[in-house]
Amino acid sequence: MSGAAIVMMLVAMLIIWGGLALAIVNLRRSPDLPHADEVRRDL
Amino acid sequence: MSTTPEGVQDGAAAKRGAFSSRQVFIFAAIGSAVGLGNIWRFPYVAYENGGGAFVIPYIVALLTAGIPFLFLDYALGHRYRGSAPLSFARLRKGTEGLGWWQVGICFMIAIYYAAVMAWAVRYAMFSVTEAWGDDPEGFFFGEFLQAGDPGVDATPVWGVLIPLLLVWIAIVAVLLLGVQKGIGRTAFFFIPVLVVVFGILVVRSLFLPGAAEGLDALFTPNWGALTDATVWAAAYGQIFFSLSIGFGIMITYSSYVHKHTDMPGSGLVVGFANSGFELLAGIGVFAALGFMAQASGVAVGDVATSGVGLAFVAFPAIISEAPAGALLGVLFFVSLVIAGFTSMVSIVEVVISGVRDKFDMTRKGATIAVTVPMALLSLVFFSTTSGLYVLDILDHFINQFGILLVAVISMLVLSWGLRVLPTLGDHLSDGSSITVGAWWRILVSIVAPIGLILVLGLSFWEDVKTPYGGNPGWMLAVFGWGAAGAVIVFGFLAAQAKWRDPEILSEVHINKKGAES
C-alpha cells in the first residue's frame, strides 16, 4: 500500500470508528431512564 | 385507563407495543440501517468516487445531511408517537399523504428485497460445495435464476420460490411477536452476531495474498474528485440510502421509544455505527477483490463491482479461488442474510404499523393482512424467470423517485411549509445530551435539501436521457416510472380514508415530554 492510501485509511478509521466511540461515551453519560412503571406488553 | 396525557400515552405504549430500553431501540435502528447497501454498495461507491479522498465528502454528507435527517425522523416519531401516516396526521391533517407515500414505498421495497434475501440464503448453501463450478456468472443468471430475455414470464423457478417462501415465513414470525419480543430481540441478538461473522470474514480476507493491493485501490486518494459535483452527489446518495432515513422506518421505530429517551444521543450512535460497519465492509470487500485481481493477474479496477454482480458473481469467483473458500463464502452470505433480514423487518413494520393505526387493528390481524398479500406479490413477481429484470428496475426507480423524492418533499414541507423545525428541535433537545438548535434547522432546511436535490436532479437527468439498463420502454414505464408514480397516488388516496377511531388524532397522544405532568 502506498503512503497516501495508508494515511487515508487511518484517517477514515479515526474519524468514523473514533466518532462511534465518542457517540457511545456521550450516550453513556446520559443514563437511560428507569421506567419500571411502564407497561411492557406487546399486543 | 387514565385520561391524563401521561395515562393515555402509557395506554398507547401497551397497545401499540414498545421497545423495553434505549439499548434495544439502538440495536433495532442499527439493524435497520445496516443492510445490503453497506456491504455491496458502499465499497464500490467509495472506490469509484475518489477512493481515499471520498472520506471527505462522505463525512461531510453524514454530518450535514445524514444525521440531521435522522434526527428529523426521530423527532416526528418520538413526538407524535405513531406510524408514518399517524405521525404526519397528528402533526397536520393535510400531510397524512406523505406518510402513506412512505408506506407505499416500503410495500414495494419489501416485495423485492425478500427475493435478494432468498438468493443469499441459497448462496450460503451453494458456498459449501461451490455449486457454481468455474462459471459463477453463467450459473447465477442461467442455472439459478433461469433469466430469459427482459420481459415478464410466469415460469416458476423452484430454487428461488422455496427459499423466498421461507424468508417470508421468518419475517411474519418475527413481526407477529411484536415490537419488543420480535423486532427488538431479533436485532439485539443478530447485530452482534453480524459484527462477529463479518469481522471474521474481514480478518480472513486481509490474510489473503493481494489484500494490500485491494486496500491500496480503495484508499489511494484522487484529490481531483473533490471538485466533481457527481462525487458529492454520490456521497450524499450513499449516506442517504444507507441510513434508512426518509421513508418511514425511523419515524415508526422512534414511536416505540420511551418518551423521555435521549433521541439525539442515540441517533449519533446509530449514524456512526452504520458508517462504521460500512468502512469495515469496504476493507473486507476490497481485500477480497485484491486477492481476486492478483489470482487472475489483472488490476483491482477490473474486478471491482457492486450490487448483485459483486455478491453473486465476483464473490463466488473469489470463494472458488481462495484457500478454505467455502468458509469465506458461508461467512459472506450469512452476513448478507443477517444484514438484509433486520432491514427487511423494519421495512415491513412500516406498513404494518400504518395499517394498524389507521384501522385500529390488533398486531396479529394487521401483520396477516399486510404480509400475506406482500408475500404473494413477491412470489409471483420474483420467483419467475423474469424476476431479475423487474427487480432491478423497481429498485432503481423506487430508490430515486420514491425514497429520495418523498424525503426531499417532506423535508421542504416540514421546514418551509409548516415551519415546525423549532418545535421539533426543542422536542429533541429537551432532556438530551445534545442541543439541537439553529445549526440543525439550517442543515435540515437548506444544506441537506440542496445535497439531496443535487442527487435527485442528476439521477432524473440520467434516466430521461438514457433508458435505465437498456430495458424496453414499456417495462420502464410500468415497473419504473409507473411504480414510483403509483405509490404517490396511493399515498394521497389512502389519506382520504377515514380513521376507524378518530380519537387517535387527538392532541393528548402527543409526547410533550411531561410538560403537563
Without placing hydrogens or testing angles, list every side-chain donor-acceptor pair under 3.5 Å for residues 4-26 of chain A, not counting sequence neighbours.
unit_1	atom_1	unit_2	atom_2	d
Trp17(A)	NE1	Gly276(B)	O	3.0
Asn26(A)	ND2	Ser433(B)	OG	3.1

Item to check | Among Leu215(B), Val270(B), Leu268(B), residue most engaged with chain A (heavy-atom pairs, under 4.5 Å) | outcome: Leu215(B)
Next on the checklist: For a quick test of reading the model, state the closest non-hydrogen atom pair linking Leu27(A) to Gly265(B) and the distance between them.
Outcome noted: CD1-C, 3.5 Å
Item to check | Heavy-atom proximity to chain A below 4.5 Å, by part of Ser266(B) | outcome: both
Checklist outcome for this item: If one checks every heavy atom of Ile26(B) against chain A at 4.5 Å, the contacting part turns out to be side chain
Name every donor-acceptor pair, under 3.5 Å, that has one atom in a side chain of residues 216-223 of chain B and the other anywhere in the protein, sequence neighbours excluded.
unit_1	atom_1	unit_2	atom_2	d
Asp216(B)	OD1	Ser2(A)	N	2.8
Asp216(B)	OD1	Ser2(A)	OG	3.3
Asp216(B)	OD1	Thr220(B)	OG1	3.3
Thr220(B)	OG1	Asp216(B)	O	2.5
Asn222(B)	OD1	Gly224(B)	N	3.3

Next on the checklist: Heavy-atom cut-off 4.5 Å, strictly under: side chain, backbone, both or neither for Tyr58(B) against chain A?
Outcome noted: side chain
